[in-house]
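The next block holds one structure in the form of structure tokens; read it before the comments.
No hydrogens, no waters, no symmetry mates; every other heavy atom, side chains included, goes into these values. Proteins come first, then strands; the chains are lettered A, B, ... in the order of their sequence lines, and each starts at number 1.
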Amino acid sequence: MRDEEKPKEQLINELDVLHQRIAELEKSEAERKRAEEALRESEEKYRTILEGIEEGYFEVDLAGNMTFFNDSLCKITGFLPGELMGMNNREYTTPQTAKRMYQVFNKIYRTGKPERIMDYEIITKNGSTRVLEMSASLMRDSTGQPIGFRGVVRDITERKQAEEALRESEERYKGLFDRTLSCVYLHDFEGRFVDANDAALNLLGYTREEIPSLDFYSFIGEEELPTASRNLEEILQTGLQKTPTEFKLKKKDGSYVWVVTEASLIYKKGNPYAVQGIARDITEQKLAEEALRKSEERYRSLFEQSRDAIYITSREGNFGYINQSFLDLFGYTREEITDLKVQETYANPDDRPSFQKEIEQKGSVRDYELKLRKKDGTEMECLLTATVRLANNGSILGYQGIIRDITKHKRADEKIKEYSKNLERMVEVRTRRLNHALYEAEEARDRINGILKSVADGLIVTDINNRIILVNRAAEDLLGVCSSEVIDRPVDFAIQENTLRNRINTTLDKKETGYQFDFELPGKDTKPSRIMRARTSVIQGKSGEETCIVTIMHDVTDEREVDRMKTEFISTAAHELRTPLTAIRGFSEILLTRDDIKGEEKRKFLSYINKQSVNLVNIITDLLDISRIESALGFSLKKVPCNIARIINDVVPYFQEQSPRHIFEVVLPEESAEVMVDKEKIGQVLENVLSNAVKYSPEGGLIRVTGGLTMSDLRLRNAEQFETEHSAHSEIRNQKSSMEYQISIEDQGIGMTPGQVKRIFDRFYRADASNTAVPGTGLGMSIVKNLVEAHGGKVWVESKLAKGTTVRFMIPV
Amino acid sequence: MKKILIVDDQVEVRDLVGVTLRSEDYQVFQAESGEEAIEIARAEKADLIIMDIMMPGGMDGFEATRALKNDPETKDCTIIMLTAKGQKADWEKGVDAGADHYFIKPFSPLELIKKTEEVLG
């Protein structure tokens with residue numbers, strides 16, 4: 001130490017410090033006293049607080065025994081302070097709680113940090129269970145050593161119960177919301193939907209995801225929007241909708257449902273935030289109502305507008321309901337009816353009991369005959385159809401039914417009977433007539449069919465499907481088909497000839513009538529080909545529709561041949577005329593212009609002119625004859641009794657003179673016969689036949705003319721025999737056993753082929769047209785035939801080529 | 001002297017043509033048929049033949065004309081057809097056979113003289 005070294009001042013200083021220390025100590029003692037006082041006050045304050053708070057406060061030692069607690073803890077646990085002091089946790093808790101508390105306190109002890117124990121149960125003194133909540137911390141002494149725990153507990157039993165109740169309520173609501181069959185929905189105050197249950201979604205056909213996009217406009221029709229707005233306003237003002245409202249809603253698929261809705265506000269934390277509604281599907285009910293309404297309307301209108309009188313009466317005879325027809329029928333006004341008794345409408349009021357007996361026994365009557373009376377007293381024959389009206393208990397209230405006035409019918413009935421009798425009579429007459437008409441129609445049809453079948457022209461009738469309906473015999477022959485094979489068959493099948501088939505098809509296609517066309521039918525075997533002219537016509541039904549096509553075929557081969565012959569004739573005639581004219585013109589011109597022609601030569605030329613002019617006259621005479629015969633005027637015969645032998649004897653010498661080199665032989669019976677003929681015409685016949693004999697037989701040839709009476713049957717036999725040979729003759733008439741005068745002219749000339757013989761009488765036909773050297777017009781034999789037939793006679797020809805020809809003709813006597 | 005052959009079956013026509021063409025300048029021959037005409041035409045070397053068409057026998061005017069025109073000896077001879085056939089078809093047939101000219105009956109003798117002078121120059 002260094003005290004010996006300290007100066008005096010240092011000591012003084014040290015003394016001052018001591019004084020200061022004493023003063024400080026004195027001061028500190030005063031502060032301690034003040035602090036003690038403050039501590040006491042503080043303790044007092046905390047005690048007051050502790051006793052005043054609702055929460056329980058406790059201090060326990062490290063073992064968990066109560067060392068300190070406030071009154072609230074006594075209240076919570078139900079124990080008295082004396083009982084609670086020193087009590088261990090385990091004594092007032094459930095085993096689970098005790099375990100949790102141990103773990104928590106252990107944790108606090110280890111970490112030194114405060115902890116909370118939530119929702120633990122204790123058992124109060126009276127045995128009931130309370131739920132508590134605790135926060136606890138470690139308690140240390142002044143040295144920092146842990147000496148126990150202190151904590152605050154709160155009784156949350158009530159709160160817990162309330163929470164549980166709320167949860168249950170929510171669950172119930174949610175279950176209800178999800179599973180109820182009614183539609184439940186939530187929308188905001190603008191009508192936008194917030195939520196909806198499955199029932200609501202199913203009803204309208206939307207999915208849960210679509211809810212945010214939906215609002216009132218999605219399914220409430222324009223006419224119902226005002227109602228929806230009114231409801232919303234009411235709900236906002238009063239909290240709920242007082243009366244259920246019906247809406248017709250449009251589903252997503254466009255169809256409609258009817259619902260009845262009720263809605264109210266729902267709140268969140270005391271504030272309204274949405275409208276919750278419930279809707280029930282009443283579509284079926286609505287439809288049923290509608291159907292019922294319509295049905296009622298229908299029956300009402302049926303009732304009101306019925307022309308039958310309909311009534312409802314009481315059993316006592318008062319009128320209940322009646323329709324206008326009833327009033328009209330009886331002539332009462334609606335007012336008068338109210339005071340009227342049913343019996344008063346009966347012609348005989350005594351009829352009512354029997355009517356009542358009948359209807360009450362059977363429950364109803366049908367066409368019950370009754371005489372009723374109008375207001376003006378007119379009695380009516382009526383039919384009543386009515387039923388009994390029953391009360392719920394089965395007692396009879398009255399009747400309802402329909403009255404039909406049949407007075408007129410009854411009168412009409414009698415008339416009808418009379419009419420029907422008349423009618424029967426008329427029907428009988430008409431039937432007879434119809435049968436007759438039918439018979440006639442059938443006969444006409446058969447006749448027409450017969451005509452169609454037998455006309456010489458070919459006839460084919462085809463229907464609009466181009467099937468053959470009718471083919472007559474001529475067409476069968478022409479086309480070489482059999483009717484039964486082609487009827488109902490298509491034209492394309494039945495007709496082989498191309499032109500004909502095509503034209504029928506064309507006519508059908510174009511529906512044009514009057515097609516005329518020619519086609520050629522090829523010959524078969526020895527038959528030559530035929531030229532046909534056909535014409536198609538579309539036949540129209542009464543209403544203008546096409547019914548069939550008629551095709552008529554006419555064989556124009558002969559006509560064509562005649563045309564050809566005519567042309568040839570004209571050419572021939574021209575030639576025949578030109579030849580004499582050449583001499584006449586030529587020699588006359590020579591004689592006029594030349595002076596050197598004199599004497600004998602001049603005479604010869606003049607005789608040429610003269611001879612050819614005579615020739616011209618003959619040709620012209622022939623032409624005139626044929627044209628007269630051919631013309632419709634015909635010619636008249638000047639028949640007088642003539643000796644035909646004399647005519648023959650007059651004509652033959654003339655030919656002998658003309659053709660001196662031919663040998664003429666006349667064979668006539670000794671007896672002369674007189675026949676009624678036109679002498680000149682028979683002469684012409686002889687001349688024509690003889691001129692042919694001369695023309696077609698060689699010089700020096702024999703021409704034999706035979707005449708005489710004969711029996712016609714002989715001629716007939718000859719004729720038949722003749723027919724079998726290739727020859728022609730005119731028509732045979734049945735004049736057996738009568739007499740006739742027959743002449744034959746026989747030559748030994750060039751003869752004719754069978755084909756030439758067949759055509760010998762055709763006009764303009766010349767057996768050998770190519771042999772231009774033989775003059776002739778081709779009319780001679782045609783004239784002969786006409787003249788002989790004009791006398792009622794016949795002419796026929798036998799001929800053999802290179803042997804000669806015999807022409808025979810007969811005139812009846 | 002030019003030689004003319006007249007062919008026709010009718011004597012009147014032969015006489016008519018004969019007298020028409022009777023002249024010091026021409027020597028006239030006559031034939032009654034086609035066959036005869038060919039024979040004479042060859043023998044006499046005719047300068048002009050006046051030929052009828054329709055003639056009896058086998059050969060008509062067309063055939064005779066064709067035969068003459070096909071024969072080198074007679075092909076230079078002028079042939080006038082003389083016929084009553086006046087149709088165009090006959091005229092064509094004549095031209096086809098080789099006829100140089102065509103006269104239709106009844107013809108004018110004066111015209112025939114003119115044509116003959118023209119042909120024989």
Side-chain angles (χ1 to χ4, degrees), chain A residues 564 566-616 619 695-699 750 766 768-777, chain B residues 6-26 28 32-36 50-64 80-91 93 102-116:
Chain A
R564 192 192 60 74
K566 255 183 189 162
T567 308
E568 198 179 291
F569 163 73
I570 289 162
S571 169
T572 310
H575 184 262
E576 296 295 321
L577 291 170
R578 279 171 196 280
T579 303
L581 280 170
T582 303
I584 293 166
R585 180 181 178 181
F587 286 114
S588 59
E589 201 172 299
I590 290 286
L591 289 170
L592 280 171
T593 55
R594 295 261 290 269
D595 297 331
D596 61 320
I597 317 274
K598 287 180 182 127
E600 189 60 28
E601 195 177 37
K602 186 178 178 183
R603 230 189 79 82
K604 189 173 114 189
F605 289 174
L606 283 170
S607 77
Y608 282 156
I609 293 172
N610 180 257
K611 185 184 144 201
Q612 291 300 344
S613 59
V614 171
N615 200 4
L616 263 185
I619 293 170
K695 266 193 269 184
Y696 295 103
S697 62
E699 288 181 350
I750 57 172
R766 296 184 73 203
D768 188 4
S770 65
N771 189 350
T772 51
V774 179
T777 54
Chain B
I6 302 162
V7 190
D8 202 309
D9 62 315
Q10 286 180 289
V11 68
E12 287 100 328
V13 180
R14 288 201 303 274
D15 281 358
L16 176 61
V17 176
V19 78
T20 301
L21 299 178
R22 194 162 67 195
S23 140
E24 289 170 6
D25 299 332
Y26 310 133
V28 177
E32 286 185 39
S33 67
E35 290 87 347
E36 197 185 348
I50 294 164
M51 177 86 77
D52 185 29
I53 291 179
M54 290 198 278
M55 285 179 291
M59 194 178 249
D60 68 7
F62 294 124
E63 290 168 67
I80 297 175
M81 290 210 116
L82 189 61
T83 180
K85 290 198 164 186
Q87 276 147 4
K88 193 164 169 272
D90 292 315
W91 178 80
K93 224 169 143 188
Y102 206 89
F103 266 70
I104 293 165
K105 292 178 182 173
F107 64 93
S108 160
L110 299 179
E111 280 173 25
L112 182 62
I113 292 168
K114 231 191 258 171
K115 178 61 75 181
T116 305

>> So does B:K105 get a backbone contact from the side chain of A:R585, meaning a donor-acceptor N/O pair under 3.5 Å?
In response: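 No; judged by distance alone, with no hydrogens or angles, the pair does not exist.
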> Does A:R578 reach the main-chain N or O of B:I104 with its side chain, forming a donor-acceptor pair under 3.5 Å?
Replying inline: no
> Non-hydrogen atoms of chain A under 4.5 Å away: do they reach the side chain of B:L110, the backbone, both or neither?
Replying inline: both
> Between B:R22 and A:E601, does at least one N-O distance fall below 4.0 Å, as a salt bridge requires?
Replying inline: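 Result for this pair is yes, salt bridge flagged.
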> Which heavy atom of A:I590 sits nearest a heavy atom of B:P109, and at what distance?
Replying inline: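 Where A:I590 meets B:P109 most closely, the heavy atoms are CD1-CB, 3.7 Å.
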>> Let me confirm one number: the CD1-CD distance from A:I584 to B:E12, rounded to the nearest 0.5 Å.
In response: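 Nearest 0.5 Å value for the CD1-CD distance: 10.5 Å.
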>> Nearest 0.5 Å, please: how far is CD in B:Q10 from OG1 in A:T582?
In response: 8.0 Å
> Quick one: are B:V19 and A:F605 in side-chain contact, heavy atoms under 4.5 Å?
Replying inline: yes
>> Just to verify, what does B:S108 make a side-chain hydrogen bond (donor to acceptor under 3.5 Å, both in side chains) with, not counting sequence neighbours?
In response: A:E589
